[in-house]
Amino acid sequence: MPVPTTQRRPNILLIVTDQHRADHLGCYGNTILKTPHIDALAARGVKADRFYVANTTCMSNRATLMTGRMPSLHGVVHNGINLDRRHTTFVELLRDAGYATALIGKSHLQAFGYDSPAKRAWVNPAGASAPAQDLRDARKDQRCGAGYTNEWTPDWKAGQRSGVETPYYGFSHVDLCTLHGDQVQADYANWLASQHAEPDSLRGRENAIADPRYCAPQSWRTRVPEELYPSAYIGGKTCEWLEAHAAHHPGQAFFLQCSFPDPHHPFTPPGKYWDKYDPEDIPLPATFGKTPRSELVERIHAYTKNGGDREGTAAFAVSERECREIIALTYGMISMIDDQVGNIMATLERLGMDEDTVVIFTSDHGDFMGDFGVMLKGPIHHQGVVRVPFIWRDCAQAPICDARELAVVAGTIDIARTILDRAGIAPYNGIQGLSLMPWIRSSEVQAPDRSGIVIESEAVKVPEGGRTRMRLRSLLTQGRRLTLSGEPKLCELYDLEADPLEQHNLWAEPRWQVERDRLIQQFFLEQLSLGDESPLPAAVA
């Protein structure tokens, strides 16, 4: 006899976008951007208003999503550090419990292949006798070599790799995408070559369709057709996997992560999505051109004024016209993702799996998108960068089918534990975060016993002329943001209720010192609660 639906473990579909701030969705109050399919998920589910990342870079926060642990514990404190294959992920627990597991799209748990002499390296400042190569780090396992080149894009482009070695952090099936915009590589590039005789003629600025209306950095009108663009590939492969799973494993629960590399820069929406939004109709962010600005934002403006590169990954300042263009193109990229979400949801419904599948929508971090006149992100904790969407649609449990807001401050650190709880699988020792299921199920549950969400950021390199790397730690509560740093100029306190745009740093205000000190105490108490509980002891003594 078939197991009743209510007693079966649910299917779980996790949709992840890249560099996508919370207010870039209709359901989060955006009146220009049209996202009807994602909005429909929120209309039948629970939406978090204050949902924060654990770190503002891709690899760090994605590693937190996978492990349910803070970056300082899993070690991916900034981009370029591979997630240790020996670290347990929640996907491995799902797989161990009998789930079919698949990843389609961007993973970024291992380095893409960006490399530079400026990256951090072992140094010998005193000129003393150098230790052997394998003794130059506190950890002998450098997370390099065999098992750590699955996403190394130069190998894919050179034909030295044709697939990901599975299981990959718990995923049994992987269709991989590396890089962003129309530059995506790995499995996507191989697929594109099977669809077009000269794929390289379609991609990049050098092959772009001329459009003199646009002059913003990292923006070009790609020749890649809509149906061959990475977002269409990911949406199509997701639907293909669902159909194959329904045909060949109809009784097996699945966990499927559908991960889009957009709307990350470069800004290259294809076809109709390039023209979908007119820059002239895009209002400037409320803080554009406004002062005062935080110390770190001022440094971005100084970097740009001094000729800093605006075609790389570093945050940069923009003119009014450039700002409107980039936002319009980003909206086009998000609209294309929304259409793919619609196709995926239609496939689930056609296969009869719609009601049995928990659908989660989130992003790995945000983007300034013109706030204070700058673009991209970095080790900076303004709301546009740290606040991301989180939607949980779960029609197998009726109370979760009503459009509600999550009543607590939450974050990426909570996703792993929440999914395991919903699947009825006990977590591993050392997992952090909370299961959000009590608050997803009911808005009447008492607030959790924690001070807020902690965000950790570390710079990739030592600043020119400096002795130490910049480190930031923030505590986000319902109404406050406290940011601490060893560099006094970087310490911040914002009243998010009275000053949601974070224009007035209250750190040095005398009348806010009592509240500042209270929040500092809360921060350290939360840090204590985030201490590592792994590994388990071998004995009492």
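None of these values were measured; they are calculated from a predicted model.
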Next on the checklist: Less than 4.0 angstrom from a charged side-chain N to a carboxylate O is my criterion; do D532 and R69 meet it?
Outcome noted: yes
Item to check | Check: H24 main-chain N/O paired with N30 side-chain donor or acceptor under 3.5 Å | outcome: no
Next on the checklist: Quick check on the 6.0 Å ring-centre criterion: do W274 and Y214 meet it?
Outcome noted: yes
Next on the checklist: Between D18 and R62, does any side-chain N to carboxylate O distance fall below 4.0 Å?
Outcome noted: yes
Checklist entry - Regarding K106 and H180, is there a side-chain donor-to-acceptor distance under 3.5 Å anywhere? => result yes
Checklist entry - Between OG1 of T357 and CZ of F255, what distance do you get to the nearest 0.5 Å? => result 12.0 Å
Item to check | Exercise: do D39 and T35 side chains pair donor with acceptor under 3.5 Å | outcome: yes
Item to check | Donor + acceptor pair across side chains of Q19, K377 (<3.5 Å) | outcome: yes
Next on the checklist: Taking R21 first and then D371, would you say they form a salt bridge - that is, a charged N and a carboxylate O separated by under 4.0 Å?
Outcome noted: yes
Checklist entry - Can you check whether L376 reaches D367 side chain to side chain, under 4.5 Å on heavy atoms? => result yes
Checklist entry - Between CG of L436 and CD1 of I415, what distance do you get to the nearest 0.5 Å? => result 8.5 Å
Item to check | T57-H78 side chain donor-acceptor pair, cut-off 3.5 Å | outcome: no
Next on the checklist: Between D275 and R213, does any NZ, NE, NH1 or NH2 come within less than 4.0 Å of an OD or OE carboxylate oxygen?
Outcome noted: yes
Next on the checklist: Within the 3.5 Å criterion, strictly below it, is a donor on S231 or Q340 matched to an acceptor on the partner's side chain?
Outcome noted: no
Item to check | Between H74 and T64: side-chain donor-acceptor atoms closer than 3.5 Å | outcome: yes
Checklist entry - Are the side chain of Q383 and the backbone N or O of E502 linked by a donor-acceptor pair below 3.5 Å? => result no
Item to check | E533 atom CD: more than 12 heavy-atom contacts under 6.0 Å | outcome: no
Checklist entry - Taking atom types as modelled, is there a side-chain donor on D262 or Y229 under 3.5 Å from an acceptor on the other? => result yes
Next on the checklist: Looking only at the side chains, is there a donor atom on one of D182 and T222 sitting less than 3.5 Å from an acceptor on the other?
Outcome noted: yes
Checklist entry - Using 4.0 Å as the upper bound for N to carboxylate O, is an ion pair formed by D278 and R324? => result no
Checklist entry - Is a salt bridge present between R299 and E487, judged by a nitrogen-to-oxygen distance below 4.0 Å? => result yes
Item to check | Test item: D394 and R422 side chains (from C-beta on) under 4.5 Å apart, heavy atoms | outcome: yes
Checklist entry - Are E526 and R450 close enough for a salt bridge, meaning some N to O gap below 4.0 Å? => result no
Checklist entry - Do I337 and P263 have side chains that get closer than 4.5 Å, going by heavy atoms? => result yes
Item to check | Carboxylate-amine/guanidinium contact R310 E322, below 4.0 Å | outcome: yes
Checklist entry - Taking atom types as modelled and ignoring hydrogens, do the side chains of S107 and Y169 form a donor-acceptor contact shorter than 3.5 angstrom? => result no
Checklist entry - Can a salt bridge be assigned to the pair E311 and R205 using a cut-off of 4.0 Å between side-chain N and carboxylate O? => result yes
Item to check | Salt-bridge criterion met for R480 and E515 (N-O under 4.0 Å) | outcome: yes
Next on the checklist: Working to the nearest 0.5 angstrom, can you tell me the gap between I38 CD1 and H20 NE2?
Outcome noted: 6.0 Å
Checklist entry - Do the charged groups of R516 and E492 touch, with an N to O distance under 4.0 Å? => result no
Checklist entry - Does K276 make a cation-pi contact with Y331 (under 6.0 Å, within 45 degrees of the axis)? => result no
Next on the checklist: Could you go through E151 and T178, starting from their C-alpha distance and side-chain angles, then the distance that decides it, and tell me whether this counts as side-chain hydrogen bond (donor to acceptor under 3.5 Å, both in side chains)?
Outcome noted: CA-CA 7 Å; E151 303 187 43; T178 64; over 6 Å; no
Checklist entry - What about the rings of F372 and H301, do their centers lie closer together than 6.0 Å? => result no
Item to check | Inter-residue atom distance I81.CD1 - L109.CG, 0.5 Å rounding | outcome: 13.5 Å
Checklist entry - How long is the span from the CG atom in L482 to the CZ atom in F523, to the nearest 0.5 Å? => result 7.5 Å
Next on the checklist: Looking only at the side chains, is there a donor atom on one of T483 and S474 sitting less than 3.5 Å from an acceptor on the other?
Outcome noted: yes
Checklist entry - Does a sphere of radius 6.0 Å around CG in D449 hold more than 12 heavy atoms from other residues, nucleotides or ligands, not counting ones at 6.0 Å or beyond? => result no
Item to check | Option passing side chain to side chain contact (heavy atoms under 4.5 Å, CB included) with S457 (candidates P379, S60, S485) | outcome: P379
Next on the checklist: Just so I know, are the side chains of F390 and V46 near enough to count as touching, which here means a heavy-atom distance under 4.5 Å?
Outcome noted: no
Next on the checklist: Rounded to the nearest 0.5 Å, what separates atom CG in N55 from atom OG1 in T412?
Outcome noted: 10.0 Å
Item to check | Note, T67 side chain near L83 side chain (heavy atom, < 4.5 Å) | outcome: yes
